[in-house]
Amino acid sequence: MRKIPLLAALTLTASLLAAPPAHAEAYPFQNPALPLEQRVSDLLGRLTLDEKLSLLHQSQPAIPRLGIAYHKNGTEALHGVAWSNHLNDNWNQKFASGTVFPQAVGLASTWDPELIKKVGSAVGDETRGYNAADPVLWGLQVWAPVVDLLRDPRAGRNEEGYSEDPLLTGAISTAYGKGLQGDDPFYLKTAPVLKHYLAYNNETNRSLTSSNLTPKLKHEYYEPAFKAAISADAATGVMASYNLVNGRPNHVNPDLDDVVRSWTDKTLYNPSDAWGPHALTDLEKYYDNKPEAFAAVLKAGLDSFTIDNSDISVMVTNLKAALDQGRLTVSDVDKSVRSVLSIRTRLGHFDPDGGPYKRITADVINSAAHKQLNRETAGKAAVLLKNSGVLPLARPKSAAVVGPLSAKLYRDWYSGQLPYQVTPLDGIKERVSDVTTGEGLERIALKHLDSGKYVTATGTGPDDNAALTDTAPTAASQWDLTDWTGGVSTLRNAGNGRLLGGDWRSLDTDDAEPDGWYVSQQFALEKQPDGSHLIRYAGFETVESWFALPDAYVGITAEGTLGLVPKAQAAKFAKEVVSDGVTAAAAQAAEAEVAVVVVGSHPFVAGREFHDRDNLQLGEGQRRLIEAVRKANPRTVVVLETSYPVIVDAPTLLWTTHAGAETGHAIADVLFGDVNPAGRLTQTWPATDELPSLLDYDLTKTGMTYLYGNDKPLYAFGHGLSYTTFAYQGLRVQGDRVSVKVTNTGKARGDEVVQLYTHQRDSRFEQPVKQLRGFQRVSLNPGQSRTVTFPLKKSDLAVWDHTRNKWTVENATHDILVGSASDRIRQSTTLRVSGETVPVRDLTRATRAMDFDDYSGVAFADESKVSGEVVEGSAGDWVSFTGATWGSRLTAAVASVGGGSFEVRRGSPTGQLLATVQVPATGGIYQYGTVNAAVKAGTGSVYLVFKGDLRIKDFAFTRS
């Protein structure tokens, strides 16, 4: 079959899928000279109810009578155009093959918003290029950037986010979003959607777990990153997340309408996440039926259903039922359709010429300029964690470049296919004439102890099950073992080059790389006390309820093939080392002038969407490789390429994300000093695996992130070294400006990321240890100085006052801290801020139970399925209200299924008993009754201590 060149094929596709011709009559909605609202109202008025409903789906059918073409939401564009699903082939991802920039956490590691805006613009151009070639496949509403805060590095989607800090995340997401949108004041290059609203940072049971958010953290930590991009008009909507917040699924979170839309005067277009509306009934059981659930989705503020692939019938049927049942009105539908039409108008869908961005063609895809930008970005993202003086390399004559990532690059779940690869080995070979290399892996044979036979590959087809065949190791029964992270490994057969993988219950070698939604090529070799090994199967499908084998291990079938069995039936194997790549790598290193060890993670292994990590460990085999090479050659550089923090140390250590096709060039640029490293960490790298529960979102209690952590980390937020040195002088605070003089005191030109932090010394409320208030990446020649100035307004120092439900600036002294990392403060001073003193809490007024000062054990729950939040507790749980005054008569709104009680105590949960309040059964968790009790009036702290299962909505201690 003759191959068609890429651009010719794309042009052919475009001609076959051209939009239907517009109606001969020119309608007002097609007139670019008219105001947006007039155009939207005109088109809305021409649509039938069925046509309106069809526009509420991700896959929006064409309306030929009005000249409206088909449109699909949701092209993935996290760090380059990634993938989409075609109208007529929904189950098969269609991958882009354009510019793949560094993973999102790497983009943020540049601390360079202007650069990231350029990256976003390039991705927007390529999205337009793909859309020009195939508008059916490549829609212009892009699902990026991801704004979820990286509060815990074990979260599976760590690679998708930017930072654990809301200000940095907001700045980078705003820059990327503005780039994606383009600079036209009206038209959109693409329509970026922020993912995923709100407080979504765990994959374990992600659709069933509820993120407990205190009002303080919701307003001060979890919301601001989203608010920054929306209020800057750098995004056109938010996507709801899978999780619940305070007991209510985010797909019916009223904040989508009431809060998010208040941040801008532009029309937003909010989509659901994939399958999210169905989860409300099928998984979360939050609603009894789909008409009720789908109506709630629209009324909460979502405008688009990402369900059932391209089949709109399920959505239409249920929305029509909701209309018939009175759960929805046509005006509810119209409200969301207006959002759809507003964004599609700004995308140029209804303009006769398609708008100004229609001129972008497929020629931009993977252009030379984009390749260069990718290389620049990857270089600026690299973080020098430690340097013993080995770097920069001074043109060595020989080098040993070893490790599992030395000669290979990998894409991740949200990237396109790499159109080419420049590996670290490639980049170094361009600069060093004598280079030796190797993966540094163990090649092993697995001998079944009962039979004496070896695990053997029998072919590369899906029915070629691995079996106990060889009685002595051959190529077919030898396996290259790669220990990735968290104790999870892959096994590549030496004979056929394919990976051992699961096929639901059998094991075969038909896959070249780990890939797909259910990555089945993952195993953990578990050494037993007798020296033998069990092989645990770690394929991603093991978490599914239908897998029905929760503790899967490798066993042997009656036919002598490998299969999956419960642990009790697991086969025992002897692990025989056929050849030790670690020893070979060390020998190469000993003969070379320098050694470069390239280790890290695989983006599809041991953590990714739907799968959190159990720990932060780099694989044992990779750690052994590092130590062996270091011992053999003191001039060793370790390049760590991961999607997340790991616990690893070396005297000279350079970190990068999986950074796209130009990774090798960028690494070489840094190693040889053409790029002076200035990337900075955007999240804390903990020094231990002993971390709080991944499901606990209260940073003030867990101490996670630099904001609330007091433990010494392995590497701190903001950390990163340079090949030069910088001095800080003359920190000054004048009016609403903070300035500091920064001087390059070294011998090389370099960038410094100057970071401004504050700490409020005195407060009615718990305050962060320190908080980032500004940052600038500045370039300085040797000896050059620059005064770096940050805006710092009084209002920037406001805190959320949960006692009065408002922002307030307190009368307080603030530490003003400037440095090169959160743990490397170079200059400090103080600022006295004239604000207000928060008054004593007046509990004689109605007080929401959620506005507590402290708590223990309770859950935060939904007051109703529509809105509101309450405190839910059982025996021994409590909430407290401090610095308060109260009267002698308590009235509380409560709900309880079976009845219970709560105590009112003074000073502590076991302090003076003021009253015991009986709570009768109210009929359900959403049915509230009123209870009363006489108490002793007073001042100080009041504790409400739960003695049975119940919910407290609000209360007041009135004066008799």
Side-chain angles (χ1 to χ4, degrees), residues 74-85 92-110 116 119-127 129-130 137-139 142-146 148 150 156-162 172-173 176 179-180 190 192-193 195-196 274 364-367 370-371 373-378 381-382 405 408-424 484 512-517 519 540 600-611 641-644 656-667:
T75 295
E76 299 291 355
L78 180 61
H79 53 113
V81 185
W83 52 265
S84 186
N85 299 99
N92 188 12
Q93 286 175 297
K94 305 297 184 183
F95 288 96
S97 185
T99 310
V100 178
F101 288 93
Q103 292 176 299
V105 69
L107 295 179
S109 298
T110 66
I116 301 310
V119 172
S121 182
V123 177
D125 284 347
E126 295 201 9
T127 304
Y130 276 106
L137 174 58
W138 302 105
V142 294
W143 289 348
V146 171
D148 301 316
L150 306 182
R157 303 184 79 160
N158 195 87
E159 66 197 27
E160 298 178 39
Y162 290 134
I172 299 296
S173 61
Y176 191 70
L180 285 169
T190 69
V193 170
K195 301 197 308 187
H196 311 80
V364 301
I365 297 171
N366 202 35
S367 67
H370 290 178
K371 292 178 183 178
L373 180 62
N374 189 17
R375 180 173 181 168
E376 177 190 357
T377 306
L405 287 165
K408 184 67 177 176
L409 302 180
Y410 293 105
R411 69 175 185 89
D412 63 39
W413 183 248
Y414 284 101
S415 74
Q417 301 285 2
L418 299 177
Y420 63 95
Q421 291 192 16
V422 180
T423 68
W484 290 109
E513 297 293 346
D515 205 345
W517 183 251
V519 179
F540 281 163
S601 69
H602 192 299
F604 279 79
V605 175
R608 198 203 65 195
E609 181 179 354
F610 209 50
H611 297 275
E641 188 176 343
T642 68
S643 307
Y644 36 67
T656 176
T657 58
H658 298 277
E662 290 289 332
T663 297
H665 277 150
I667 287 173

(Q) Given 3.5 Å as the limit, does a donor-acceptor pair link the side chain of His79 with the main chain of Val119, or not? (A) no

(Q) Please evaluate residues Gln421 and Tyr410 with respect to the criterion side-chain hydrogen bond (donor to acceptor under 3.5 Å, both in side chains), reporting the C-alpha separation (whole Å), side-chain torsions for both, the decisive distance (0.1 Å), and the verdict. (A) CA-CA 9 Å; Gln421 291 192 16; Tyr410 293 105; over 6 Å; no

Q. What are the two closest non-hydrogen atoms of Pro419 and Gly98, and how far apart are they?
A. CD-O, 3.3 Å

Q: Could you tell me which non-hydrogen atom of Glu641 sits nearest to which non-hydrogen atom of Ala659, and how far apart they are?
A: OE2-N, 4.4 Å

Q.
Whether Lys94 engages the ring of Tyr130 as a cation-pi pair (distance to the six-membered ring centre under 6.0 angstrom, angle to the ring normal within 45°) should be assessed.
A. no

Q: Supply the atom-to-atom distance Glu376 CD to Thr110 OG1, rounded to the nearest 0.5 angstrom.
A: 9.5 Å

Q) With no hydrogens and no angle check, is any side-chain donor or acceptor of Thr642 less than 3.5 Å from a backbone partner on Tyr644? A) yes

Q.
Can you see whether Glu159 engages Tyr414 through a side-chain donor-acceptor pair at a distance of less than 3.5 angstrom?
A. no

Q | Test log, rule salt bridge (charged side-chain N to carboxylate O under 4.0 Å, His left out), inputs Asp412 and Arg157 | A | CA-CA 11 Å; Asp412 63 39; Arg157 303 184 79 160; over 6 Å; no

Q: For Gly660 and Leu409, work out which heavy atoms get closest and say how close.
A: O-CD1, 3.4 Å

(Q) Do Asn366 and Lys371 have side chains that approach each other closer than 4.5 Å (heavy atoms only, starting at C-beta)? (A) yes

Q.
Check this for me, if you would: do Arg411 and Glu513 make a salt bridge, where the nitrogen-to-carboxylate-oxygen distance has to be below 4.0 angstrom?
A. no

**Q.** Trace of the salt bridge (charged side-chain N to carboxylate O under 4.0 Å, His left out) decision for Lys195 with Glu76
**A.** CA-CA 11 Å; Lys195 301 197 308 187; Glu76 299 291 355; 3.3 Å; yes

Q) With a 3.5 Å cut-off and no angle check, do the side chains of Glu126 and Thr99 form a donor-acceptor pair? A) yes

Q | CD1-OG1 distance between Ile116 and Thr377, expressed to the nearest 0.5 angstrom | A | 5.5 Å

**Q.** Heavy-atom closest pair, residues Ser643 and Asn158
**A.** O-ND2, 3.2 Å

Q. Can you tell me how far CG of Leu78 sits from CG of Leu107, rounded to the nearest 0.5 angstrom?
A. 7.5 Å

Q: Examine Trp517 together with Phe610 and report whether their ring centres are nearer than 6.0 Å.
A: yes

Q. Does some side-chain heavy atom of Val519 sit less than 4.5 Å from a side-chain heavy atom of His611?
A. no

Q | Closest non-hydrogen atom pair between Pro102 and Asn374, with its separation | A | CD-OD1, 3.5 Å

Q.
Looking at Asp148 and Gly161, would you say the former's side chain and the latter's main chain have a donor-acceptor pair under 3.5 Å?
A. no

Q) Do Phe101 and Glu662 have side chains that get closer than 4.5 Å, going by heavy atoms? A) no

Q. So, for Val81 and Trp138, which heavy atoms are closest and what is the spacing to 0.1 Å?
A. CG1-CZ3, 3.8 Å

